[in-house]
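Everything numeric here is computed off the predicted structure, so don't read it as measured data. Heavy-atom basis, side chains included; hydrogens, waters and symmetry copies ignored.
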Amino acid sequence: MNSPGAWTRRDFLRTGAFAALALTKTDAWAASQVPTDFLSPFFPFDREIQKFMRARNISGGALAVVKDRRLVYTRGYGWADRENKIPATPTSLFRIASISKPFTAVAVLKLVEMGKLTLNARVFDWLTAGPGALPLDQEKLDARWKQITVRHLLQHTGGWDRDQSFDPMFRAREIAKTLGVASPPAPRDIIRYMLGQPLDFDPGTRYAYSNFGYCVLGRVIEKIAGASYDKFVRETVLAPIGIKRMRIGASLEDKRAEGEACYYTAHDDMAECVFDGVPSTRPPQGRGTSSQRPLDSNGKPDNGGAVHPPSAEGKGNEGDERRVPWPYGGFCLESMDAHGGWIASAVDLARFAAALRDTGPKAPLKPESLQTMHAPPEPPVSRNSDGSLKDHYYGCGWLVRPVGQDGTANYWHTGSLPGTCTLLVRRHDGVSWAVLFNQRSDDENLPDDAIDPALHRAADAVTQWPKFDLFRQYSGS
């Protein structure tokens, strides 16, 4: 018999049935306005997510919550496809943007465990020697390239600062024109271009978030594994923990995966298509009035010079030819593979978070590798003026915030692209959650990162966690 007040699987399924009925609403986002049973311990999650979506008029989202490696709550909100009234579900695929980086970090650490790589290895040697070596122009080469290690790339201390110079992952046409190749350039072409550009600072001396650094890691993985980046990750990281549907996403709408959400911008922004031979298109009817506003240095629409919160992703392309909806050809998702190219469901990300708490023989990483992944960078990076460690830092693929004297910490990563806003959190108390949306905010008064404290509040409000595990229900997803 269940103890008084205990939340059973039957209770959960009954509440979930109420939620499913409300998904027949026809308002663009109001399908997320499901009247959750107030007896549900997860009502605070629903309330916070609905409030977040309503304020930003977000079309759709999905949530998965884990407690002590058990999947205890899943939910879809609103529409995955607004025009065709297809509801978002916990298994809907979304672009996860920079949450791709933790997967790349685990793949690198797997190679270290296999004895095929060390974190102090110089990436220049892997890129420019042996089969498939990249060509070099020694006169243009910044000698500091030869100092960059695998660890530097994992911790964003490699020497590139997109705020000081630019993010090459969002300069497709410029790079293609310079190299005389078709647009969009492949990751190897982007690296070849960057080998001719100066670094912004000495490697290992400070932190600066770099998508490009993770692009380089993807090529190091390919060189060592002798397989494509995505094949190695799928076979070595994903398959062993039961993730089956994750894949590298497609940039163009007509190549969208089965079960994948549609992506929207708040003002139906248009961008120059980075793909040669793709004709100009218009937003589908029902997505509002097309906008062609200029973009700021972080790839967000420029609202008359207003200062925007920093984006996790890069810069937009300007131009009047080959206009396409910004999420569908305004950048090349395939070239972003190792830093932002994956698509996944909320359940997939929850499964990944749960697996990283596994200490048994089937754990994705050994305890010493987990310790490495969470360790702070070497000084002077992420240090205060007195030499003490800052209250949070970037480890190997994760942001880390120590929460006590016993070594416990919270780990998280965000993701942001035009049409995408994502968050994955692994808390010190065994609670984890993944939340995915098919639109990001461009309003400085409604930042995307507001969802982080909101869901911490929701988790703190849960007084009794269910004992069942819904992962079995999604074993075929």
Is it true that the side chains of Gln439 and Thr265 contain a donor and an acceptor less than 3.5 Å apart?
no

On a heavy-atom basis, the closest approach of Leu417 and Phe170 is CD2-CZ, 3.9 Å

### Side-chain heavy atoms of Leu117 within contact of Val108, under 4.5 Å
yes

Output for pair (Phe275 CZ, Cys332 SG), nearest 0.5 Å, gives 4.0 Å

Donor-acceptor under 3.5 Å (Asp161 side chain, Asp163 main chain):
yes

Salt bridge or not between Lys51 and Glu48? Use side-chain N to carboxylate O under 4.0 Å.
no

Heavy-atom donor-acceptor pair, Lys101 side chain to Gly397 backbone, under 3.5 Å = no

Taking every heavy atom of Leu446 against every heavy atom of Arg56, the minimum-distance pair comes out as O-NE, 3.3 Å

task = Measure from the side-chain N and O atoms of Ser251 to the backbone N and O of Leu333, and report whether any donor-acceptor pair falls under 3.5 Å.
result = yes

Margin query: Between Asp46 and Arg75, does any NZ, NE, NH1 or NH2 come within less than 4.0 Å of an OD or OE carboxylate oxygen?
Written below: yes

In short, salt bridge (charged side-chain N to carboxylate O under 4.0 Å, His left out) pairs touching residues 428-438 with sequence neighbours left out are Arg427-Asp429

**Report entry** Sub-4.5 Å side-chain heavy-atom contact between Phe331 and Pro418
**Finding:** yes

Answer yes or no for Arg426 and Trp412: cation-pi contact, defined as NZ/CZ to six-membered ring centre under 6.0 Å and angle to ring axis within 45°. no

- Task: Look at the rings of His374 and Tyr411 and say which category their plane angle falls in: under 30° parallel, 30 to 60° tilted, over 60° perpendicular.
- Result: parallel

Practice prompt. Dump the intermediate steps for salt bridge (Lys or Arg N to Asp or Glu O under 4.0 Å) on Asp68 and Lys467, then the final yes or no.
Written response: CA-CA 10 Å; Asp68 298 332; Lys467 298 300 183 183; over 6 Å; no

Check the side chains of Asp230 and Ser228 for a donor-acceptor pair under 3.5 angstrom, ignoring hydrogens and angles.
yes

Check: Val66 main-chain N/O paired with Ser432 side-chain donor or acceptor under 3.5 Å:
no

How about CD on Gln371, more than 12 heavy atoms from neighbouring residues, nucleotides or ligands closer than 6.0 Å, or not? no

For Leu389 and Ser382 the tightest heavy-atom approach is CD1-O, 3.5 Å

Residues Gly395 and Val400: closest non-hydrogen pair is N-CG2, 4.3 Å

Practice problem: Examine His456 together with Trp433 and report whether their ring centres are nearer than 6.0 Å. | Solution: yes

Closest non-hydrogen contact found for Trp160 with Ala208 is O-CB, 3.5 Å

Would Ile96 and Ile343 count as a side-chain contact (heavy atoms from CB on, under 4.5 Å) here? Give the steps. CA-CA 6 Å; Ile96 64 172; Ile343 60 174; 5.9 Å; no

Query raised in the report: Looking at Glu113 and Lys366, does any basic side-chain N land under 4.0 Å from a carboxylate oxygen?
Result: no

Next on the checklist: Using only atom types and a distance under 3.5 Å, with no angle test, would you say the side chain of Lys244 pairs donor to acceptor with the backbone of Ser475?
Outcome noted: yes

Distance col, row Thr118:OG1 vs Leu111:CG, nearest 0.5 angstrom, shows 11.0 Å

So Tyr214 and Ser98, do their side chains get closer than 4.5 Å, heavy atoms only?
no

Practice problem: Evaluate side-chain contact (heavy atoms from CB on, under 4.5 Å) for Trp342 paired with Leu349, printing each intermediate quantity in order. | Solution: CA-CA 11 Å; Trp342 289 91; Leu349 298 186; over 6 Å; no

Please find out if less than 6.0 Å separates the ring center of His413 from that of Tyr394.
yes

Within-4.5 Å side-chain heavy-atom neighbours: Leu455 and Ile49 = yes

State whether the side chain of Arg69 and the backbone N or O of Ala353 hold a donor-acceptor pair below 3.5 Å, judged by distance alone. no

In terms of heavy-atom contacts, Phe468 and Val72 come closest through CE1-O, 3.6 Å

Side chains of Tyr328 and Asp254: any donor to acceptor distance under 3.5 Å? no

Separation between OH (Tyr264) and CG (Asn438), nearest 0.5 Å, reads 6.5 Å

Output for pair (Phe94 CZ, Ser92 OG), nearest 0.5 Å, gives 5.0 Å

Checklist entry - Is the count of non-hydrogen atoms from other residues, nucleotides or ligands lying under 6.0 Å from Glu368 atom CD greater than 12? => result yes

- Task: Taking the side chain as every heavy atom from C-beta outward, state whether Trp398 and Met373 have any pair of such atoms under 4.5 Å apart.
- Result: yes

Does the gap between the ring centers of Phe52 and Phe437 come in under 6.0 Å? yes

> Between the side chains of Tyr73 and Ser40, is a donor N or O closer than 3.5 angstrom to an acceptor N or O?
Replying inline: no

Considering only heavy atoms from C-beta outward, does the side chain of Thr104 approach that of Tyr229 to under 4.5 Å?
-> yes

Between Ser59 (side chain) and Trp79 (backbone), is there a donor-acceptor pair under 3.5 Å? yes

Practice problem: Kindly indicate whether a cation-pi arrangement holds for Arg95 with Tyr263, taking the cut-offs as under 6.0 Å to the six-membered ring centre and within 45° of the axis. | Solution: yes

When rounded to the nearest 0.5 Å, the distance separating CZ of Arg206 from NE2 of His156 is 13.5 Å

Do Ser345 and Tyr474 get their side chains close enough for a donor-acceptor pair, meaning under 3.5 Å?
-> no

- Going through the checks in order, is the side-chain contact (heavy atoms from CB on, under 4.5 Å) test met by Trp465 and Val65? CA-CA 11 Å; Trp465 292 92; Val65 182; 3.9 Å; yes

Can you find a side-chain donor-acceptor pair between Ser369 and Thr372 that sits under 3.5 Å?
no

Worksheet item: Is Asp81 reaching over with its side chain to a backbone N or O of Cys262, donor-acceptor style, under 3.5 angstrom?
Response: no

Notebook entry, point to check: Under a 4.5 Å cut-off applied to non-hydrogen side-chain atoms, are Met114 and Thr236 in contact?
Noted result: yes

Evaluation steps, side-chain contact (heavy atoms from CB on, under 4.5 Å), between Arg162 and Ser210: CA-CA 7 Å; Arg162 63 185 182 181; Ser210 176; over 6 Å; no

Give a yes or no answer on whether the side chain of Asp448 reaches the backbone of Cys421 with a donor-acceptor pair at less than 3.5 Å. no

Distance col, row Ile86:CD1 vs Glu260:CD, nearest 0.5 angstrom, shows 12.0 Å

Is there a donor-acceptor pair under 3.5 Å between the side chain of Arg351 and the backbone N or O of Ala346?
no

Check your understanding: Are Thr422 and Thr414 side-chain neighbours, meaning at least one heavy-atom pair lies under 4.5 Å?
Key -> no

- Charged N to carboxylate O under 4.0 angstrom, Asp452 versus Arg457? no

* Asked: Checking salt bridge (Lys or Arg N to Asp or Glu O under 4.0 Å) for the pair Arg245/Asp348: CA distance, chi angles, key distance, verdict?
  -> CA-CA 8 Å; Arg245 296 172 63 224; Asp348 291 331; 5.2 Å; no

